[in-house]
Student: 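Mind looking over this structure? Questions follow.
In listed order, ligands and their atoms are each counted from 1. From a predicted model like this one, the values you see are computed outputs, not experimental measurements.
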Amino acid sequence: MSCPRIDVDLHKIRQNTRSIVERLNVSGIHVTAVTKAVCGHPDIAKAMCDSGAAGLAESRLSNVKRLRQGGMTCPITLIRTPMLSQVDDIVQVCEASYNTEIKVIAALAAAALRHNKVHAIILMVEMGDLREGIMPQDLGEIAQQVVDMHGVALTGIGANFACLSGIAPTAEKMRELSVLANSIEQYSGPFLQTVSGGSSANLPWALGGYATGRINDLRLGEAILLGVDPVTGDKIGGMFGDAFTLVAEVIETDAKSVDAFVSYTDPTMAKTRLAPNNSATTRLLLAIGHQDTDAAGLSMPAGTTLIGATSDHSVIGTNDATLGVGSEMRFQMNYGALMRAMAAPDVQISLRNDRPAPNSRDVQGPFKHLALI
Ligand SMILES: *Cc1c(COP(=O)(O)O)cnc(C)c1O
């Protein structure tokens with residue numbers, strides 16, 4: 001099989017989705033699955049939708065188009081504030097978008113009228129992350145303006161945490177969002193369909209037994225894909241952390257003395273490099289580099305260290321003597337490494353368990369035994 005590649009186990013994605021959907025549904029929260037880290041890969045999106053996600057969310061129009069071209073017909077919400085230059089396309093492929101700028105909403109409304117549609121608007125409120133969002137005190141007035149426009153419908157509000165600032169949402173913040181939802185309804189009519197509390201960073205709150213109030217939606221990417229809480233990096237119980245595996249090929253193995261010939265032009269480089277201190281360590285060269293992934297975001301197998309990476313190469317120290325030229329090495333990725341690898345033109349995507357067959361003993365693929373657990 002070609003290298004570098006990402007082996008994607010769709011069975012694990014389905015299980016992760018089902019697991020989190022079931023746990024959140026108990027408290028009246030549905031899951032909008034976020035596909036941006038996998039660049040809107042339609043098969044991965046389908047695995048999420050088949051397993052109980054209520055809809056999809058994307059930050060890029062190009063990824064939304066890929067989802068549609070791949071046959072996804074479920075509701076898709078754009079979670080990055082739309083670019084003015086893209087409004088005509090957005091109203092045609094997205095049912096809804098998150099918005100913070102009245103000028104953009106007016107352009108979406110005009111585009112929706114041109115295309116004979118009504119585009120749903122969810123207003124993003126600033127609650128401490130200091131990335132995108134309307135200040136809470138301005139929300140009422142902007143909501144009123146949206147309600148008065150033809151071509152758009154105000155269907156929800158949402159908040160975002162832990163993206164720029166790394167600050168996780170508190171129960172207090174979630175209560176404030178519920179209060180805002182109630183106050184907005186005097187403008188929006190009887191009911192705001194969506195009150196979206198945030199992302200995977202909200203899971204400790206959502207699963208922590210707090211009152212959920214008006215919050216009825218979370219937008220989840222990392223938790224479903226990698227099974228981890230993005231704020232702490234901790235594994236979420238009952239979720240697979242290895243749905244994605246990056247596979248790279250060894251192109252050189254040698255016994256170069258680690259500190260021979262090294263003269264750093266940039267002194268900071270010397271500090272950031274980890275040199276294996278074991279004389280039994282073999283130094284391997286892999287055909288994968290910064291252009292393919294974030295090498296620092298790869299988890300190294302036991303007995304293996306990352307010595308460094310450049311655009312097209314990674315240098316690994318290992319005490320695994322069985323690895324030779326042509327061998328494959330397998331790595332788990334963090335979110336940054338996954339995101340970059342999924343977007344890299346030279347990284348192939350290889351799908352496992354791409355047909356759900358939970359009731360069949362005849363499950364295809366090399367992981368057939370896992371489907372029967
Ligand atoms: C990326 C993103 C999400 C999903 O974040 P995860 O940490 O992957 O769950 C949710 N909302 C917005 C606005 C985002 O940009």
Student: Might you list the protein residues in contact with ligand 1, defined as having a heavy atom under 4.0 Å from one of its atoms, sorted by chain and number?
Tutor: V34, K36, I79, M124, R131, E132, N160, S199, S200, R219, L220, G221, E222, Y335
Student: Side-chain heavy atoms under 4.5 Å apart, restricted to Ile/Leu/Val/Met/Phe/Trp/Tyr: what other residues fall into the cluster of V34, or is it alone?
Tutor: I79, Y98, I122, M124
Student: Just so I know, are the side chains of E252 and L284 near enough to count as touching, which here means a heavy-atom distance under 4.5 Å?
Tutor: no
Student: Residues two or more places apart in sequence or in another chain: which of them pass side-chain hydrogen bond (donor to acceptor under 3.5 Å, both in side chains) with Q332?
Tutor: T245
Student: Taking salt bridge (charged side-chain N to carboxylate O under 4.0 Å, His left out) as the cut-off, I'd like each qualifying pair that reaches into residues 88-111, sequence neighbours left out, listed once.
Tutor: K65-D89, R68-E95, D88-R114
Student: Does any donor atom in the side chain of T35 or E58 lie under 3.5 Å from an acceptor atom in the other side chain?
Tutor: yes
Student: Do the side chains of M1 and V247 get nearer than 4.5 Å, heavy atoms only?
Tutor: no
